[in-house]
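This report concerns only the one structure given below.
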Amino acid sequence: MSKDLFKLGAADIGRAIKESKLDRREVFSSFCERIDKIDKQLKSFVEVYDYFSYQGNDSSLQGVPIAVKDNICLEARRITCASRILSSHISVYDATVIRRLKKEGLTIVGTTNMDEFAFGSSTENSCYGPTKNPWDLERVPGGSSGGSAAAVAARLVPFALGSDTGGSIRQPASFCGVVGFKPTYGRVSRFGLVAFGSSLDQIGPITTNFVDSAHLLNIICGFDKYDSTTSKKKVPDFTKFLLPDIKGVKVGIPKEYYGKGIDPQVNSAIQETINILKKEGAQITAVSLPHTEYAVATYYIIAPCEASSNLQRFDGIKYGLREPSSDLLELYKKTRQEGFGDEAKRRIFIGTYSLSSGYYDAYYLRALKVRTLIKKDFDDVFRKVDVILTPTSPLAAFKLGEKTKDPLSMYLSDAFTISANLAGNCAVSFPCGFTKENLPIGAQLIGRAFDEGALIKMGFCYQQNSDYHKRIPPIALQ
Amino acid sequence: MNYEIIIGLEVHVQLSTATKAFCGCSTSFESSPNENICPVCCGYPGVLPVFNQRALQLALRVCLALNCRVNQRIYFERKNYFYPDLPKNYQISQYKLPLGEDGFMTVPPGKKVWIQRVHIEEDAGKLIHKQGYSLIDLNRTGIPLLEIVTLPDINSPQEAFSYLNFLKLTLQYIDVSSCDMEKGYLRCDANISLKEKGEKALGTKVELKNMNSFRGVRDALEYESRRQAACLERKQPIIQETRLWDEAEKKSVVMRVKEEAHDYRYFPEPDLADFVVDKAMIENEKKSIEELPLDKYERFRKEYGLRDGGLSDGEINTLISNKWLANFFEASVKEAKGDFKNVANWILGPFLEITNSFGGDYSMVYITPTRFAKIVSYFVEGKINNLAAKRVLAICLKDGGGVDAVIEREGLSQVSSHDGLYSYIDEAVSQNPEAVSDFLQGKRQAVMFLVGQVMKKSKGKANPKVAKELLEARLKNQAK
Amino acid sequence: MVNKKIVDYVAALARINVSEEEKEHLAGQLSDILAYIDKLKELNVDGVETTRGAFSEENILRKDIVDDKKLSGSIMKNAPSQEEGCFKIPQVIE
C-alpha cells in the first residue's frame with residue numbers, strides 16, 4: 001500500500017476500494033496509525049473506534065474512513081459534546097447522517113474534539129482540553145468543529161463531519177486550511193445532532209477539496225421524516241457541479257465584509273481569489289448587506305436563547321452526570337454547576353436572561369425582527385448575484401488562550417460567518433492563501449438557499465487554478 | 001349579603017391517539033413503567049419532535065365542536081420549567097397562537113359557556129412517591145393533551161358540574177377522547193371569585209386543584225364559595241392563592257407557595273415548522289362530527305318528546321347520555337316501525353338494568369337493534385309475556401343469538417290459542433273451587449288468582465290477557 | 001447592567017449554582033455582552049415581521065402509527081439511579 005495514501009482525497013480512496021486496488025481494512029489501519037502517531041500533539045480525536053465495516057451498497061465512498069464531531073449520535077457509542085455533563089452517556093440511536101454513512105458503507109473512525117456543546121470558536125472550551133492547530137501547535141484550530149478540521153488538515157482522516165451554528169464548520173476550516181461546508185438550513189437532517197441553536201444548526205462536511213464535499217453532500221442531504229425542519233426539495237447530484245466552468249457567474253463582493261479590523265494579508269488573499277475567479281470568467285459586482293454589523297448581536301441573542309432551553313434537559317435525572325444530593329433542587333443545581341463549563345454557563349445565562357419576563361421584547365423579539373432584516377439583505381443581493389465572496393474570518397488562527405479571557409472578542413471573530421446561519425443560506429470556506437507565518441487563510445462563498453451546487457462549481461473551478469488546498473502541514477508529513 | 005359566584009374552568013383532556021404527540025411511542029395505559037418510552041419523549045440529546053397528524057385532526061375537531069375560531073396558521077412554543085416529570089424541562093405547548101379561540105358550548109337546557117381558548121400540548125410523566133424518594137414513570141410523557149379554558153363565565157358550582165358533564169359527553173360523541181377521569185384522561189382545575197351582586201369589579205380569584213371527579217369539582221367549588229362568602233362577611237380579605245381539594249376531608253387547603261415566581265420563558269419551538277389548517281382539513285373534521293349531543297337532544301325532543309305520550313326530558317337525557325345508546329335507540333325504533341315509546345321503555349328499563357350490571361360497557365352488548373326491536377314487538381303483540389321477554393333480552397344481549405331460536409330453545413313462546421289454554425283453565429278451575437265460588441259471589445278479582453294459577457301451570461307461557469278472558473267466560477257460563 | 005441580584009434570579013431559573021466570586025465575574029461579563037447587544041436598539045424594527053426560523057416546509061406531520069423501537073431497556077441503562085423500572089430521584093415535595 002502506498003505510504004502516500006493519506007494524501008489522497010476521500011473520493012480517490014473510495015474509487016480505489018471500489019476497484020479493489022485498496023483494501024478497506026488496510027485503509028482504516030493506515031489512518032489509525034497516523035492518528036496514533038500524530039494526534040498526541042494535536043488532540044483532535046476524542047475517541048477512536050476499532051475497525052467495523054458496514055455493508056455498503058455500490059457507493060462511491062464505500063470503505064472510506066470518516067471522523068464525526070462528538071455532538072453527533074452513534075448508537076451504542078459515547079456521545080459527550082466535550083462536556084462533563086454527558087461524559088458517561090451512551091447514545092441509544094444513530095443520527096440520521098450516521099445511518100446514511102453506514103448505509104453507504106463508510107468506516108466511522110471515531111469522534112472529534114469540539115468546544116463544549118459547540119459553544120466557541122477555538123475548541124478551547126472542551127472538557128478534554130484544547131485541540132491544536134496542525135499548522136502551528138501554539139495556535140487554535142478554530143471552533144467549534146476544531147477537532148474535525150484539525151484531523152482533516154493533518155490528514156488523520158480523509159474527511160469529517162462538523163456542525164455549524166454560526167461558523168463552527170467554516171471558521172475552523174479556514175484556520176486549518178481545509179474546505180468546510182455549511183449546507184442550507186433544512187438540507188441535512190439534524191436528527192441526532194445535539195442541538196445548540198435549533199434554528200441555526202446544520203451538519204456539514206469538512207474535506208480537503210470540493211470533489212469530496214460534493215460526494216459527501218450527496219450522502220447526507222435530503223428530507224428526513226425524523227426532522228420536521230428538513231426540506232423536501234429534490235437533492236441534485238452534487239458531483240454534476242464539478243465542472244470548471246464559471247463563465248458569466250455573478251459574484252457579489254459585499255463592502256461590509258471588507259472594512260477595518262481585517263488583516264491586510266487576508267485582504268490580499270481574497271483579492272487574489274477574486275482575480276482568479278475573474279480570469280475564469282466570473283463577473284465581479286460590488287454589493288451591500290447593510291445589516292451585517294447587527295449580525296453578531298442578533299446571533300448572540302437567538303442562539304443562546306435556544307441553547308438555554310435545549311440544555312435544560314441535562315439535569316442529572318435520566319442520563320449523564322449526576323451530582324448526588326438528598327434535595328432535588330440541589331441535585332439540579334450542583335449537577336449543572338459541575339457539569340457545564342464556563343462558556344456553556346455564560347450562554348445559558350444570556351439566553352435565560354433574554355427570555356425572562358420583562359426582557360423578552362427588548363432582546364429576543366427584537367432579535368427575531370432584525371433576523372428578518374438580515375435575511376432580506378441576502379434575498380435582495382441574490383436577485384443580483386449568484387454567489388457572495390467574503391473572507392471567512394478577519395484574521396488567521398489566533399494563539400491558544402489569546403481570547404479566552406474576553407468572550408466578547410471571541411464572539412466578534414465570528415462576524416463573517418454568522419449571517420449565513422441567520423439567513424439560512426448555504427456557505428463554504430476554502431483555503432485561498434497563507435500568511436507569512438504560514439497560517440492558512442480562508443475565503444467564504446455564500447449561496448442562495450438550496451443552491452449548494454453553485455458553491456461547488458465555483459470552488460471546484462478555483463481549486464483547478466490553485467493549489468493551496470494541496471498544502472499539507474509539516475506535522476502531517478512526519 | 002348576596003354574592004355572585006364567578007367560576008372559570010380549565011380542562012385537560014387526553015386525545016385518543018395511538019401514539020404520542022411528537023414520537024411513535026404507544027399511548028397504552030396498560031403498560032409496565034417506562035415501557036412506552038423512546039429517546040424523543042425522554043428528552044435524549046439530539047432528538048427532534050415530529051407532530052402527530054391525528055392529534056391535530058382531533059384537536060381541530062374539538063375546536064369545531066366548540067364553535068371556536070380556528071387560527072389558520074399555528075406554531076408551537078416551549079414552556080420552560082424544571083420538573084422531574086418533564087424530561088426536556090420544557091413542555092411543547094401553544095401560547096400566543098392557540099389552535100382555537102373564542103368558542104362556546106351550550107349546555108342544556110340553555111346555558112352558553114364561553115370558551116376562551118383550546119390549545120394542544122404534551123403531557124408530563126408520572127411521579128410515584130416513596131418513603132424518602134420519588135420514582136419517575138415516563139409512559140405518559142408526550143401524550144397529546146388538549147387544554148380547554150372557559151372564560152370566567154360560570155355562575156354556580158352546579159353550572160360548572162353540568163358544563164363538565166356536557167363537555168365530556170361532547171368530546172365522547174366526536175370520538176376524540178374517552179375522558180376517563182380515573183385514568184387521568186380528563187383533568188380539571190377551577191378558579192373562583194365572589195363579588196357583591198351588582199358590583200362590576202371582579203373579586204380576588206382563588207385557584208382550585210386536585211379534584212378527581214366532576215362531583216369533586218362541584219364540592220370544591222361549593223366549599224370555596226362558602227369559605228369566600230364567610231371571609232367577605234367577616235370583612236377578611238381573600239388571598240389570591242392555589243388551594244388543593246382534599247376529597248376525604250371534603251375541604252380545600254392552601255398549596256404551599258413555591259419559592260419562586262413562574263417565569264416560563266415561552267418562545268417559538270424552533271424544531272417544528274408551522275402548521276397551516278386549510279379548508280380541506282376543516283371540512284374533513286366537520287364531516288366526522290355526525291351530530292353533537294346538543295343537536296341530538298333537540299332533535300330527540302322534537303321527534304320523541306314534544307307530543308302526547310312522548311318521552312320526558314329526563315328520559316331523553318338518559319338516551320343521549322351515550323352516543324352508542326342513542327344510536328341503538330334510533331336504530332331499534334326504525335326496526336320497530338316507529339314504536340319509540342315501547343323501545344324507549346325497554347331500553348330505559350330492562351336493557352339498562354342489564355348493561356349497568358356489567359358497568360355500562362356497551363362493547364359487551366351482542367344484541368342488534370333488529371333483534372331488540374323484535375323482542376319488543378313480540379311483547380307488544382303478546383307473543384311472549386313480560387317475564388319471557390326480559391329473559392330473551394338477557395340471553396340475546398349477553399350471549400347473542402336469534403330471538404326466535406332463543407324463544408324456541410327456552411320454550412318461552414306464549415300460549416294464546418284457546419285450545420292450548422283450555423287444559424290449564426280446566427285444571428285451575430277444578431283445583432280451586434274456593435276461588436270459583438268467590439268469583440261467583442261477586443268477588444271479581446278472584447279471577448286474577450285463577451289467572452296466576454294458569455300462568456304457573458303453563459310455566460309462564462300462557463298469555464295472561466287471553467287466559468283472563470277465557471276464565472271469565474267459563475266462570476260466567478258456570479253461573480248460568 | 002447585570003447585577004448580582006439578576007445573576008441570582010437567572011441562576012435560579014437555570015438551576016445552576018454560582019459561587020459568590022463567580023457572580024461578580026459573571027455579572028461583569030454579561031453586562032459587557034448585553035451592552036454590545038444593545039446595538040440592536042439602534043434599529044427601528046416597527047412593523048418588521050419576526051423570523052422564527054429558516055423553515056422551508058410546513059405541515060410536516062407523522063402518521064399515528066406506533067413505532068416501537070424497543071429502546072426502553074437501553075434508556076434505563078443510562079439512568080444514574082433507578083428502581084422498579086423507574087428513574088429514581090430525591091423526594092419531590094408537592
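Naming: A, B, ... by sequence-line order, numbering from 1 per chain. Quantities reported herein were computed from a predicted structural model and do not represent experimental measurements.
Residue A:Glu338 does not touch chain C at all, counting heavy-atom pairs closer than 4.5 Å. In this structure, no portion of A:Ala449 lies under 4.5 Å from any heavy atom of chain C. Neither the backbone nor the side chain of A:Thr184 comes within contact range of chain C; no heavy atoms are under 4.5 Å apart. Using a 4.5 Å cut-off between heavy atoms, A:Tyr226 contacts chain C through its side chain alone, with no backbone atom that close. Both the backbone and the side chain of A:Arg371 come within less than 4.5 Å of a heavy atom in chain C. Using a 4.5 Å cut-off between heavy atoms, A:Leu331 contacts chain C through its side chain alone, with no backbone atom that close.
Put simply, CD on C:Glu57 and OG1 on A:Thr230 are 7.5 Å apart, with the number rounded to the nearest 0.5 Å. The structure places OH of A:Tyr93 at 12.5 Å from OG of C:Ser74, a figure rounded to the nearest 0.5 Å. Distance check, rounded to the nearest 0.5 Å: CD1 of C:Ile75 to CD1 of A:Ile90 gives 13.5 Å. For the atom pair CG of C:Asn59 and OG of A:Ser228, the computed distance is 11.0 Å after rounding to the nearest 0.5 Å. The CD1 atom of C:Ile89 sits 7.5 Å away from atom CZ of A:Arg322, with the distance rounded to the nearest 0.5 Å. To the nearest 0.5 Å, the span separating CZ on C:Arg52 from OG1 on A:Thr372 amounts to 10.0 Å.
Proximity to chain C among residues 298-313 of chain A is limited to A:Thr298, A:Tyr300, A:Ile301, judged by heavy-atom separations below 4.5 angstrom. At a heavy-atom separation below 4.5 angstrom, chain C is approached by A:Ala423, A:Gly424 within residues 418-425 of chain A.
Side chains of C:Ile6 and A:Tyr359 form a contact here, defined as non-hydrogen atoms less than 4.5 Å apart. Between C:Pro90 and A:Asp327, the closest side-chain pair of non-hydrogen atoms is not below 4.5 Å. Annotation: side chain of C:Asn78 is in contact with side chain of A:His89 (closest heavy-atom distance under 4.5 Å). Considering only heavy atoms from C-beta on, C:Asn17 comes within 4.5 Å of A:Glu330 through its side chain.
Interface summary for chain C: among A:His291, A:Lys232, A:Lys233, A:Lys375, the most heavy-atom pairs under 4.5 angstrom belong to A:Lys232. Comparing A:Phe223, A:Phe340, A:Tyr294, A:Tyr353 by heavy-atom pairs within less than 4.5 Å of chain C, the highest count is held by A:Tyr294. Considering only heavy-atom pairs separated by less than 4.5 Å from chain C, the leading option among A:Asp406, A:Leu328, A:Ile374 is A:Leu328.
Every residue was checked against the ring-ring contact (aromatic ring centres under 6.0 Å, His included) condition with A:Phe450, not counting sequence neighbours, and none meets it.
Under the 6.0 Å distance and 45° angle rule, C:Lys41 counts as a cation-pi partner of A:Tyr363.
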Could you tabulate the donor-acceptor pairs under 3.5 Å formed by side-chain atoms of residues 343-352 of chain A, not counting sequence neighbours?
residue, atom, partner, partner atom, Å
A:Glu343, OE1, A:Arg346, NE, 2.9
A:Glu343, OE1, A:Arg346, NH2, 2.7
A:Glu343, OE2, A:Arg347, NE, 2.7
A:Glu343, OE2, A:Arg347, NH2, 3.3
A:Glu343, OE2, A:Tyr411, OH, 2.6
A:Lys345, NZ, A:Gln337, O, 2.9
A:Arg346, NH1, C:Gln29, OE1, 2.7
A:Thr352, OG1, A:Ile348, O, 2.6

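Annotation for C:Glu58: atom CD counts as buried by contact number, over 12 foreign heavy atoms lying within 6.0 Å.
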